[in-house]
Colleague: 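Please find one structure pasted underneath; my questions will follow.
Naming convention: chains lettered A, B, ... in sequence-line order (proteins, then strands); numbering from 1 in each chain. What you are looking at is a predicted structure, and each value in this text was computed from that prediction instead of being measured.
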Amino acid sequence: GESVGLHLPTLSVQEGDNSIINCAYSNSASDYFIWYKQESGKGPQFIIDIRSNMDKRQGQRVTVLLNKTVKHLSLQIAATQPGDSAVYFCATSYGKLTFGQGTILTVHP
Amino acid sequence: NAGVTQTPKFRVLKTGQSMTLLCAQDMNHEYMYWYRQDPGMGLRLIHYSVGEGTTAKGEVPDGYNVSRLKKQNFLLGLESAAPSQTSVYFCASSHPGRLRGYTFGSGTRLTVV
């Protein structure tokens, strides 16, 4: 079955640095990928998505990169701020969503 | 404010007790979902519904039942709670096919002792 995993469970950065969060997936038929942010005590919130026919997509301070050859995607956050501290999940879809474990991002002022 | 509302936010149950978690959405979404979130694991789908009066099993349905009597409400029931059901439960809703448009509630933290 499909599984989605994250390389690092925690990531600590200094304010102003760029952050990179990675995600590996196993189902090569996955055609849609989403990154979610989950703050403490809240449900996941959509950040950015990408379809399998793209390899890069940019949003406000965030970029998602997709490498279908190695089944890997990453979320880059530019100029990380303390308000970015949260758990970040990737999710993949072939029909319905499968969620990764989550990376805890801590931003130190 | 539009969104998904879950009640209660916290609950402690004794083993064998029953309870119902309520999810309500006011966005007229057709699809609704119940997930559980455990440490070190991603969100896992328990049950879902693609419309009023319909339900289907997800990845981890055992020990849970659901009902969708009204479009806006999706209930998750535990008939005989077990410590393994200690978790944080999230409800979500979406329009059909709108994977980007999942809206999540703020969660229910359930502890079974």
Colleague: Using a 4.5 Å cut-off on heavy atoms from C-beta on, say whether the side chain of A:Lys42 contacts that of B:Phe90.
Modeller: no

Colleague: Surrounding CD of B:Glu79 (heavy atoms of other residues, nucleotides or ligands, distance under 6.0 Å), is the total greater than 12?
Modeller: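 No, not enclosed.
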
Colleague: Who are the ring-ring contact (aromatic ring centres under 6.0 Å, His included) partners of B:Tyr64, not counting sequence neighbours?
Modeller: B:Tyr89

Colleague: Would you say B:Tyr102 and A:Gln45 make side-chain contact, with heavy atoms under 4.5 Å?
Modeller: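 The answer is no, as the side chains (C-beta and beyond) never meet within the 4.5 Å cut-off.
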
Colleague: Calculate, to the nearest 0.5 Å, the distance between atoms OH and CG belonging to B:Tyr48 and A:Leu97 respectively.
Modeller: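 Spacing of OH (B:Tyr48) from CG (A:Leu97) equals 12.5 Å.
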
Colleague: Can I get a per-line list of side-chain donor-acceptor pairs under 3.5 Å for residues 7-19 of chain B, giving both atom names and the distance, sequence neighbours left out?
Modeller:
| residue | atom | partner | partner atom | Å |
| --- | --- | --- | --- | --- |
| B:Thr15 | OG1 | B:Val113 | O | 2.8 |
| B:Gln17 | OE1 | B:Lys14 | N | 2.7 |

Colleague: Relative to chain B, which segment of A:Gln38 carries a heavy atom at a distance below 4.5 Å: side chain, backbone, both, or neither?
Modeller: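 The side chain, not the backbone.
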
Colleague: For the CZ atom of A:Phe46 and the OG1 atom of B:Thr103, what is their distance to the nearest 0.5 Å?
Modeller: 11.0 Å

Colleague: Any link between A:Phe33 and A:Leu65 through a network of hydrophobic side chains (Ile, Leu, Val, Met, Phe, Trp, Tyr) touching at under 4.5 Å?
Modeller: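 Result: no, two separate clusters.
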
Colleague: Please determine whether the number of non-hydrogen atoms from other residues, nucleotides or ligands lying under 6.0 Å from atom CZ of B:Arg44 exceeds 12.
Modeller: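 Counting neighbours around CZ of B:Arg44, more than 12 heavy atoms of other residues, nucleotides or ligands fall under 6.0 Å, so yes.
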
Colleague: Please classify the contact of B:Gln37 with chain A as side chain, backbone, both or neither, using a heavy-atom distance under 4.5 Å.
Modeller: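 When you check distances to chain A, only side chain atoms of B:Gln37 fall under 4.5 Å.
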
